[in-house]
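Written below as structure tokens is the structure these notes are about.
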Amino acid sequence: MPSIVTLISGRGSNFEAIVKTAQKEQWPVTFAGVIANHSAAKGLDFARSQGIPAFAIEHKEHATRESFDAALIKKIDELGADLVVLAGFMRILTPGFIRHFEGRLINIHPALLPAFPGLHTHERALEAGVAEHGASVHFVTEGVDEGPIICQASVPVLPGDDADTLAARVLAAEHQIYPRAVKWFLDGRLRIEGNQVQVQPPESQLIKL
Ligand code: GRF
């Protein structure tokens with residue numbers, strides 16, 4: 001059975017959406033472990049409640065990014081990961097880490113990439129006055145929030161939205177596309193061609209909500 005290791009930093013609602021979808025749809029998959037970069041990450045509690053091994057590797061105990069990432073690589077390799085899922089993991093990963101897991105490392109970003117990479121995406125979308133915002137699941141490459149896009153969900157920006165109402169609408173969309181992208185990966189349906197991802201057999205890589 002293929003196995004997934006997930007990295008989180010906070011509440012872990014995307015991780016929870018993936019696990020619950022896997023349970024409901026009875027995916028043949030093992031959730032080999034969840035690792036957070038600090039022990040207070042709420043998502044670790046959910047993992048434990050599901051019997052999924054949960055670990056904290058405190059980034060503050062490492063003097064350098066390289067040393068922290070080396071500890072992460074060691075743990076993930078011990079657990080055994082066919083797929084590494086970044087779900088709200090708020091640390092920048094070193095090129096060495098990214099190369100180690102190349103092709104089996106995915107992330108979700110709360111914007112319609114390539115628009116709004118980086119932080120504070122909802123505030124920036126409102127400031128820019130866009131009519132649509134959303135989320136993207138992508139393979140991770142060395143550029144921050146770059147890398148071939150697997151699927152996206154778009155949501156409208158509505159009159160009266162603030163960053164919180166918009167974030168909530170986007171988060172609901174995230175919870176739909178992340179499980180879908182993970183399942184496509186597990187089913188071997190993704191082909192990376194240059195900076196594009198093809199799903200075979202084809203299926204829409206954009207959900208409009
Ligand atoms: C999500 O909005 C995700 O796109 C971003 O961080 C947030 C994590 O939320 N990278 P959660 O921890 O999955 O609830």
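Note that ligands are numbered from 1 as they come in the structure, with each ligand's atoms numbered from 1 the same way. All residue numbers refer to positions in the sequence shown, counting from 1.
Summary of contacts: the protein heavy atom closest to atom 1 (C) of ligand 1 is E174 OE1, 3.1 Å. If you check which protein heavy atom lies closest to atom 5 (C) of ligand 1, you get P110 CD, 4.0 Å. Here the protein heavy atom with the shortest distance to atom 12 (O) of ligand 1 is G12 N, 2.8 Å.
Contact between A135 and ligand 1 is absent, with no heavy atom of the residue lying under 4.0 Å from the ligand. Ligand 1 lies less than 4.0 angstrom from a heavy atom belonging to I108.
Classified by interplanar angle (parallel below 30°, tilted 30° to 60°, perpendicular above 60°), the ring pair H133/H122 is perpendicular.
Counting only heavy atoms from C-beta outward, the side chains of H62 and I57 approach each other to under 4.5 Å.
The hydrophobic clustering, which links ILVMFWY residues whose side-chain heavy atoms are closer than 4.5 Å, places V19 and V182 together.
When only interatomic distances are considered, the shortest N/O to N/O separation between H109 and ligand 1 does not fall below 3.5 Å. No N or O atom of L171 sits closer than 3.5 Å to an N or O atom of ligand 1.
For ligand 1, the atoms sitting less than 4.0 Å from at least one non-hydrogen atom of G88 are 6 (O), 8 (C), 10 (N), numbered in the order shown with element in parentheses.
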Subject >> Verdict with supporting geometry, H109 and H138, ring-ring contact (aromatic ring centres under 6.0 Å, His included) >> reply: CA-CA 8 Å; H109 179 72; H138 63 97; 7.1 Å; no
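Side chain of T94 to backbone of E66: no donor-acceptor contact under 3.5 angstrom is found.
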